[in-house]
Amino acid sequence: MGVISDAIDSLQDWCENLFKDGIKSQFDSISDLLTETFNKTTDDGGLISIFLTDHPVSFSGTSGGGTTIWATIEKLCNNIIVPISGFILAIILLNDLIQTVIRGNNFKDFDDSIFIKWIIKALCGVILASNVFYIASALFVRHRCLCKRYHDTFRFG
């Protein structure tokens, strides 16, 4: 029995060391990746020194690589936010239609005006979901105007 228990113990130690080394190497590589990313963003010419050290009024939106941040925000809005909001809007509108139709005492108090109200809700939701980039742009422009007014009032720079 001593040989088998020694073999099991040595196999257990080998597995433990294998898992410990694997986990340690993963944490080391994650640490190296985060350190490298932090160094790239804080060094001269990095993200922080380019964008975050300037006053918001002087921010033009270009990253120097040819594309603007506004083009990136527009792509994100059109390719990610609009489809997700359309899916969520479809679920909400279908649920609302079903609840509204069923609420009428099992079709005994059925009124045609519920469909008109539902169509108006759907149109408002579609208009908001399809114009999300313009709404976000308006918020950024409004904030930029407020920053400029603050900058002019207190004479920074």
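The residues of the chain are indexed from 1 along the displayed sequence.
Taking CD1 of I98 as the reference point, atom CG of L93 lies at 11.0 Å (rounded to 0.5 Å). For the atom pair CD1 (I91) and CG (D96), the distance works out to 13.5 Å, reported to the nearest 0.5 Å. Distance CG/L18 to CD1/I23: 9.5 Å, rounded to 0.5 Å. Here the CG atom belonging to D9 is positioned 9.5 Å from the CD atom belonging to E16, to the nearest 0.5 angstrom. Note: L11 CG to I8 CD1 = 8.0 Å, rounded to the nearest 0.5 Å. Taking CG of D32 as the reference point, atom CZ of F27 lies at 13.5 Å (rounded to 0.5 Å).
Criterion: ILVMFWY side-chain heavy atoms under 4.5 Å apart, direct or through other members. Under it, I92 and I84 are part of a common hydrophobic cluster. Both I80 and I88 are members of a single hydrophobic cluster when ILVMFWY side chains are connected at heavy-atom separations under 4.5 Å. A chain of hydrophobic side-chain contacts below 4.5 Å, direct or via other Ile, Leu, Val, Met, Phe, Trp or Tyr residues, connects L123 to I114. A chain of hydrophobic side-chain contacts below 4.5 Å, direct or via other Ile, Leu, Val, Met, Phe, Trp or Tyr residues, connects V126 to I119.
With sequence neighbours left out, the salt bridge (charged side-chain N to carboxylate O under 4.0 Å, His left out) criterion links D21 to no other residue. Here I81 pairs with C77, V132 under the side-chain contact (heavy atoms from CB on, under 4.5 Å) rule; sequence neighbours left out.
In this structure the side chain of S29 reaches within 4.5 angstrom of the side chain of Q26, judged on heavy atoms. Looking only at side-chain heavy atoms (C-beta outward), L97 and F115 come within less than 4.5 Å of each other.
In this structure, the side chain of T35 engages the main chain of S31 through a donor-acceptor pair within 3.5 Å.
When all heavy atoms are compared, the tightest approach of N78 to V82 is O-CB, 4.0 Å. Of all heavy-atom pairs between A7 and S10, the closest is O-OG, 2.9 Å.
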